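In what follows, every chain begins at residue 1, and chains take the letters A, B, ... in the order their sequences are listed. Keep in mind that what you see is a predicted model, and the values were worked out from it rather than measured.
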Amino acid sequence: MDASAATSVEPVASGATSKPQRPWLRQRSGSVGERAIELGLAACSLVSIVVTIGIVVVLLYEASGFFAHVSLGEFLGDTMWTPTFTDNQHFGVWPLVVGTLMTATIAMSVALPFGLLAAIYLSEYAAPRTRRMLKPALELLAGVPTIVYGFFALTVVTPFLQGWLPELGGFNALSPGIVMGIMIIPMVSSLSEDAIYAVPDSIREAAYGLGASKLPTIFRVIVPSAWSGIAAAMTLAVSRAIGETMIVAIAAGQSNTLSFDPRGQTETMTAYIVRIAQGDLPTGSIGYQSIFAVGLVLFVMTLTMNLVSYRLSRKLRARNRT
Amino acid sequence: MRDTDVPAAKMSTRGLQAWFGKQQVLKGIDLDISARRVTAIIGPSGCGKSTFIRCLNRMHELIPGAGSSGTVTLDDANVYDPAVDPVMLRRRVGMVFQKPNPFPSMSIRDNVLAGLKLTKSLNKRRPAEVVEKALRQAALWDEVKDKLDKPGTSLSGGQQQRLCIARTLAVEPEVVLMDEPCSALDPIATARIEDLLHTLRDDYTIIIVTHNLQQATRVSQRTAFFLTGECVEYADTDRLFTSPGDRRTEDYITGKFG
Amino acid sequence: MSAKLPSSLLRRRDGVVAEIAFVWLARFAVFAPLIVLGWLLGGLAIDGLGRIDWAFITELPSRKAERAGIWPALMGSLWLITLTAAIALPVGVAAAIYLEEYGRQSRIAGVVEVAIANLAGVPSIIYGMLGLGLFVRFAGLGKSVIAGALTLAILVLPIIIMSTREALRTVRDSLREAALGLGATRWQMVRQVIVPMALPGILTGAILAVSRAIGETAPLVLAGAVAYISFAPDGIDAPYTALPMQIYDWTSRPQKAFLVNAAAAIVVLTVVLLLLNSVAIWLRNRYQKRAY
């Protein structure tokens, strides 16, 4: 329910909404020692702001060296990416962006349906006991290091898929994409489940009271009511897929031309950064600087998604505060 | 019964008992609800009056750990028969809840149509006519006819509750259960809902749970007084409030407890 | 009795099939990922367990897959997580204490909140780039353990701050009032009442942060871990490698024997992680049972 409705339903709305007040928070600390401690703690909390600024500064500073050499038009206009070649250098970022979006799309087409269905099952169907067992089991998936998933994609999933798709390359976008999707399922399911759980029972009762059966109630009432929270989960999952590194670095291969074929080699922005960082490129060289330019694009993309997700989940929280 | 002019029973309960886990909240209720009348259920908090009406359309069993026994009939058919689908029952016995609960994801129009859409029974009926008819019945049409696409939650609390009533009526139930529908509303909004009940009783069998005794006298023809899971007295409203037959009823309506 | 039932009340068949089909589909969605997890872990155990012996743990890496061991990587990981925890824990817990117990109503807390929410979603490789630009190069720490640890510490800071705040929030306000009412200063209240009560929750968060740090690879590639090294670190300025780096190196090699080594190293890494996580779960259970 939104704010205007909440205010008009006075007797119900009051009280439940506000955070507990802590009057002592407004008092100033007395002694010098107390003040010093407070300042020290405050300084620690500022670290997160400093880190955020630090990331932006480092990326901008190093990328500026790159953009002194390469025009933005070339960066966004060319469709070849060969900054480390000695001749025939091209600086079009699109092959990496397309590779990133392709693996992320594959991952999301696994994580979205599985995560959402799992969330619905856990919140609307599973008995409390089953739920208590399954939730931590699913969370185990999120705790496996990504390097392990990369190994799994390369040595198990790719050969397995080749049994079905003989033209699938040893390095491809499909296998790491799918594995990435499986890795993200717990994130999607647990955030979506929180959103579905936050839909008040009175809404469920209203639907059942109208003679609706369970399935229509879930899909036409509960899921739409939890929509902003589910969308926040999905956005965060996309951001995660875009930023995922080791799975694609190990199993997707490398490519410097535009390719839309998930069966062939594909290079993502993250995998490119890792590949270059492993080599011994001299600092200040264009190849070295190029990873920061790519990193900047990656940062802007994930930052946008994270902020959208943050706004969406705030919206959900505000609406359910009745 | 000494009361005169009691029409045929629309719903009846015999030996209706209900539990939450091990705690018994209804201890055998026998009650006949007359068709096309407003029946009020009164009693102190925790007397089982809400549970009683939730047993009538089998909403009670949705609560984990809740159970019931005894019979409830609708037009002489036992609604607890294993062959009965509670979902189908609820289409004939609709419910309005204590707190207005319009669907937050839907517009005013879609809220009214929600019951029909969710049950896929819109069939040949024209949505616009259904919406207008239900909103007129709920005395809300004039206030919202120009903003049917606004979210249902954008209305005031009283309007939201009338929207919920319109939503229930659009399914065309025969019985409407109301669980303290005015307890979250201010006096003006309450008065509008009470006026509404007067016009609705020609077409519907209404059972209203209320903690407000004045409201019971204003809107109902029959009143049942519940106390600790039992029905102490059930009579014409006028008679129950002027000459109660039971000492406990008298104590309650004169404000000695409750 | 049922003979009298009108058709308008009877159970219908349509929709029932759809619902049963849906429930099975949803069940599949929950169990399929778990089956994949079993497949992953089972396969690794089959490939890797046979390769693990005492020499594998204590030997140095080698060009010959059969003779290679993980000693430098294991020690490197140990150095890394010890330093990471030593840096990130005090800062993270202090930041959380400020946000929950002091600055809740200040404007800065709002900005910090957004910053933390955002940092939690920044890809780990970006942290690696920060580490490369800031610690390895700008601060001149070079490719050293401390540069890697600082990078990982920044990476896990949001996790520690968020879980500590969560833990502090479970302590009832009445206890704060009681402490202040006895004449305690705010810091005395925090140190002697609040933090001890929230300690299990704080520790759980710390363990989760450490297990995140121990499995990270991408930031270390950038922040100076080297793939091949033949000695364990002997100080904070020593060059280093780490278990995930060693796994990555072995996985990237064409010879099959190195893949077996990688599987064996993954088994070691997984065992360490499982140990850490069981401690975290044990702490969390203990913690949830305590009611205050």
Are any side-chain N or O atoms of A/Arg220 and backbone N or O atoms of B/Leu118, one a donor and one an acceptor, separated by less than 3.5 Å?
-> no

Count the heavy atoms belonging to other residues, nucleotides or ligands that lie under 6.0 Å from CH2 of A/Trp94, then report whether that count exceeds 12.
-> no

Can you establish whether the number of heavy atoms outside A/Tyr197 located under 6.0 Å from its atom OH is more than 12?
-> no

Enter the distance from B/Asn101:CG to A/Asp201:CG here, rounded to the nearest 0.5 Å.
-> 11.0 Å

Would you find more than 12 non-hydrogen atoms of other residues, nucleotides or ligands less than 6.0 Å from A/Arg240 atom CZ?
-> no

Over all heavy atoms of both residues, which pair between A/Tyr208 and B/Arg90 is shortest? Give the atoms and the distance, please.
-> O-CD, 3.0 Å

Do any of residues 54-61 of chain B have a heavy atom less than 4.5 Å from a heavy atom of chain A, and if so, which, in residue order?
-> B/Arg54, B/Met59

So, the part of B/Met106 with a heavy atom under 4.5 Å from chain A: the answer is side chain

Any side-chain heavy-atom pair of B/Pro104 and A/Ile203 under 4.5 Å = yes

Of all heavy-atom pairs linking B/Arg167 and A/Ala206, the shortest is NH2-CB, 3.3 Å

Minimum side-chain heavy-atom gap A/Leu210-B/Thr119 below 4.5 Å | no

Could you list which of residues 128-141 of chain A have a heavy atom closer than 4.5 Å to any heavy atom of chain B, in residue-number order?
-> none

From B/Phe103 atom CZ to A/Ile222 atom CD1, the distance as rounded to the nearest 0.5 Å | 9.5 Å

